[in-house]
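So the structure is just underneath, and the comments pick up after that.
Quick note on labels: first sequence line is chain A, next is B, and so on, each numbered from 1. None of these values were measured; they are calculated from a predicted model.
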Protein chains: 2
Amino acid sequence: MRALTALSERSVPTVSSEELAAAAGVNSAKLRKDFSYLGSYGTRGVGYDVEYLVYQISRELGLTQDWPVVIVGIGNLGAALANYGGFASRGFRVAALIDADPAMAGKPVAGMPVQHTDELEKIIEENGVSIGVIATPAGAAQQVSERLIAAGVTSILNFAPTVLQVPEGVDVRKVDLSIELQILAFHEQRKAGDAEAAAAAAASVLPPRAADGPTRKGPDGDVPAVMPA
Amino acid sequence: MRALTALSERSVPTVSSEELAAAAGVNSAKLRKDFSYLGSYGTRGVGYDVEYLVYQISRELGLTQDWPVVIVGIGNLGAALANYGGFASRGFRVAALIDADPAMAGKPVAGMPVQHTDELEKIIEENGVSIGVIATPAGAAQQVSERLIAAGVTSILNFAPTVLQVPEGVDVRKVDLSIELQILAFHEQRKAGDAEAAAAAAASVLPPRAADGPTRKGPDGDVPAVMPA
DNA sequence: ATTTGTGAACAATTTCACAGCG
DNA sequence: CGCTGTGAAATTGTTCACAAAT
């Protein structure tokens, strides 16, 4: 969509799967196959009509309608999310900011007064909110999710570092900022390790590990296997 | 790891793949297979030693060392990241906060003075930073990434809504907050659509779509296919 | 002359199911 | 007997390659 929107802004009328794939950094066959699930919107020998494709994808992805969301937990992250311009421009309207701290109540954040958790159910029902964002500390997240769900929310974006237990039919997506960094650090470590492997093996004067475990039995000998990222 | 840490805090000595899988919400066979890539750390008939497993996984994931990181772009999101406690507790040390706005220079954010972009190269070299976080507007992200990479950064966590073009050997992970919400909205729409499908079909008085395209030819008739999330 | 749309081939990942160990 | 470790099977996802369409 981002690549398409860029083309649209440059008034490019049509694009081939090959061009679009290059712009988006994906395989052209995959792109065509994905589009084919939406229907046959391309023209053979020509490509895809940019505007029409934007419209069809927007519609299919639900970008043509407005989604009211609530943000629960107005700490640093919650406030950053409230101020984040990317939401409004993509059809998300922040219906309310909710925090459990009574001292926060009434304080303006992103030009909107923070409301107390007591109001949670009322806010959700009055605004027909079906998507909630949880930016509370880990300890509060499960309870907040239960209240959100009881009040009618069926999709949750969870920034708290906990696995939420939710009933069937409720979607949860988790964003864990630390894990993203950890994944990078993991690969970073491997880059360094590969370079040092020979040297370390040759000059090993390190003591064996304290809690001595069984020797590695995996198929790759001593080389640690790659875990999926 | 989170599930394991919780067990460790409760001083649970051993855990079976079945129990741990239930706690983490995954399949027990997958968990065993994943662990087997690290080596054979379990005991048949008993399970895994929690402490030993925590240690082995930490080591393998690179959690035993400290990673200095820089955050570039100290807007709302950058400030939230700077204040985010989760980084420090997982071995990430914020070495510097960098912003292009001269007015920001010297201002304290998260108890640390913001430094100007001019200092970027110096900071990275002096601190041996190999991981950079980009929280700038989309327009600045590519240029920032190039400077980071030229100065020695080889892993980037990108919050800007752009696909970064980076040379071989540099890892990029992208976090796009809007896309997370869009994915939820997509499923939300489908939930609603499924319920309304029958009614809509029966009582369709809507005009045909304005820009009329070819009729859907996909194998599923008129039912939109599920796109991978 | 191009480029789509898509079966079929291929590749990766997940799960099953059970031999074998403690 | 319970539980790991892991081949084999099942499933899911991606890419190839080409007939069909314009």
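Whole-Å rounding puts the A/Asp49 CG to C/dT3 C1' distance at 15 Å. B/Arg32 has its CZ atom 15 Å from the P atom of D/dG2, to the nearest Å. What separates CZ of A/Phe35 from P of C/dT4 is a distance of 10 Å, to the nearest Å. The CG atom of A/Leu53 sits 16 Å away from the P atom of C/dT3 (whole-angstrom rounding). Residue A/Asp34 contributes atom CG, which lies 11 Å from atom P of D/dG13 at whole-angstrom precision. Across the protein-nucleic acid pair, B/Leu31 atom CG and C/dT13 atom P stand 17 Å apart, rounded to whole Å. Rounded to whole Å, the distance from CD on A/Glu18 to C1' on D/dC16 is 12 Å. Look at CG on A/Leu20: it is 17 Å from C1' on C/dT2, rounded to the nearest Å.
For A/Lys33 against D/dG13, a side-chain-to-base donor-acceptor contact under 3.5 Å is absent. No hydrogens or angles were tested; on distance alone, nothing pairs the side chain of B/Arg44 with the base of D/dG2 as donor and acceptor under 3.5 Å.
When each of A/Val26 and A/Gly45 is assigned the nucleotide of DNA chain D with its nearest heavy atom, A/Val26 is the one assigned upstream, toward the 5' end.
Here the side chains of B/Ile179 and A/Arg2 are in contact, with some heavy-atom distance below 4.5 Å. By the 4.5 Å heavy-atom criterion applied to side chains, B/Leu148 and B/Ile124 are counted as neighbours.
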Side-chain polar contacts of residues 76-94 of chain B - donor-acceptor pairs under 3.5 angstrom, sequence neighbours left out - could you list them?
| unit_1 | atom_1 | unit_2 | atom_2 | d |
| --- | --- | --- | --- | --- |
| B/Asn83 | ND2 | B/Ala79 | O | 3.0 |
| B/Ser89 | OG | B/Gly86 | O | 3.1 |

Side-chain donor-acceptor pairs under 3.5 Å in residues 149-167 of chain B, sequence neighbours left out?
| unit_1 | atom_1 | unit_2 | atom_2 | d |
| --- | --- | --- | --- | --- |
| B/Thr154 | OG1 | A/Glu188 | OE1 | 3.0 |
| B/Thr154 | OG1 | A/Glu188 | OE2 | 2.5 |
| B/Ser155 | OG | A/Glu188 | OE1 | 2.4 |
| B/Asn158 | OD1 | B/Ala160 | N | 2.9 |
| B/Asn158 | ND2 | B/Ala160 | O | 3.2 |
| B/Asn158 | ND2 | B/Thr162 | O | 3.0 |
| B/Thr162 | OG1 | B/Ala138 | O | 3.4 |

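For A/Asn27, the listed nucleotide lying nearest its side chain is D/dT15; candidates were C/dT14, D/dT15, D/dA17. Distances from the side chain of B/Tyr48 to the nucleotides D/dT14, C/dA17, D/dG5 place D/dG5 closest.
For C/dT4, the OP1/OP2 oxygens have a side-chain nitrogen or oxygen of A/Ser17 closer than 4.0 Å. For A/Ser16 and C/dT3, the shortest distance from a side-chain N or O to OP1 or OP2 is not below 4.0 Å.
Counting non-hydrogen atoms of neighbouring residues, nucleotides and ligands closer than 6.0 angstrom, the CD atom of B/Glu146 exceeds 12 such neighbours.
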